[in-house]
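Position 1 is the first residue of the sequence; numbering continues from there.
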Amino acid sequence: LKANYQLSELVKAEGYMEWLELAASFTVQSIRNWQYSTNSIHYLLSLWGRLVAAVPYVRPETGAQGHVQHLEKQVLLVVETYI
């Protein structure tokens, strides 16, 4: 198993969209219940920051259609919850 992947590889993977939704849901729940996950929120927000930062490097012909819009929707949900 690889320990790290580029976003272009993740986008091609089966279940990427579902994983994105689950990761967003987990992040939102962690932020809402911050008293139980104070040390984790930094790492979760870092994950979302890295996903967003990698978007310009994904070629349009790579992977799932509409992955940028789906990522944007999930990121907005996370950011709204954090604020």
Side-chain angles (χ1 to χ4, degrees):
L1 280 178
K2 280 179 70 173
N4 57 358
Y5 290 88
Q6 292 185 0
L7 184 57
S8 59
E9 294 174 309
L10 288 175
V11 168
K12 289 189 262 183
E14 183 179 331
Y16 166 73
M17 298 287 205
E18 181 183 3
W19 172 82
L20 200 59
E21 290 176 13
L22 291 171
S25 175
F26 179 76
T27 303
V28 166
Q29 289 300 331
S30 295
I31 292 170
R32 287 184 180 154
N33 298 302
W34 60 268
Q35 63 273 22
Y36 303 112
S37 58
T38 55
N39 296 329
S40 303
I41 292 174
H42 167 75
Y43 295 103
L44 289 169
L45 294 176
S46 177
L47 166 71
W48 290 101
R50 288 174 186 248
L51 287 170
V52 170
V55 168
Y57 302 104
V58 178
R59 292 192 176 111
E61 67 271 7
T62 304
Q65 294 294 330
H67 74 88
V68 173
Q69 293 81 7
H70 195 66
L71 177 61
E72 182 179 321
K73 177 181 164 189
Q74 300 307 321
V75 167
L76 285 175
L77 178 66
V78 169
V79 170
E80 287 173 355
T81 304
Y82 181 72
I83 294 173

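The structure places CG of L71 at 9.5 Å from CE of M17, a figure rounded to the nearest 0.5 Å. Here I41 contributes atom CD1 and Y36 contributes atom OH; the two are 13.0 Å apart, rounded to the nearest 0.5 Å. To the nearest 0.5 angstrom, Y82 atom OH is 12.5 Å from T27 atom OG1. For the atom pair CG (L45) and OG (S30), the distance works out to 9.5 Å, reported to the nearest 0.5 Å.
For the pair L51/L20, a side-chain contact is recorded, criterion being any heavy-atom separation below 4.5 Å from C-beta on. A heavy-atom distance below 4.5 Å is found between the side chains of I31 and V78. Between H70 and Y16 the shortest side-chain heavy-atom distance does not fall below 4.5 Å.
No continuous path of ILVMFWY side-chain contacts below 4.5 Å connects L7 to L76, so the two sit in separate hydrophobic clusters. Using a 4.5 Å cut-off between side-chain heavy atoms of Ile, Leu, Val, Met, Phe, Trp and Tyr, with links allowed through other members, L22 and L77 fall into different hydrophobic clusters. In the hydrophobic clustering of this structure, V68 groups with L47; members are Ile, Leu, Val, Met, Phe, Trp, Tyr whose side-chain heavy atoms approach within less than 4.5 Å, directly or through other members. Follow the hydrophobic side-chain contacts under 4.5 Å out from W34 and you reach V79 in the same cluster.
Among residues two or more places apart in sequence or in another chain, the side-chain contact (heavy atoms from CB on, under 4.5 Å) test is passed with N39 by none.
F26 belongs to a hydrophobic cluster whose other members, connected by ILVMFWY side-chain contacts under 4.5 Å either directly or through intermediates, are L44.
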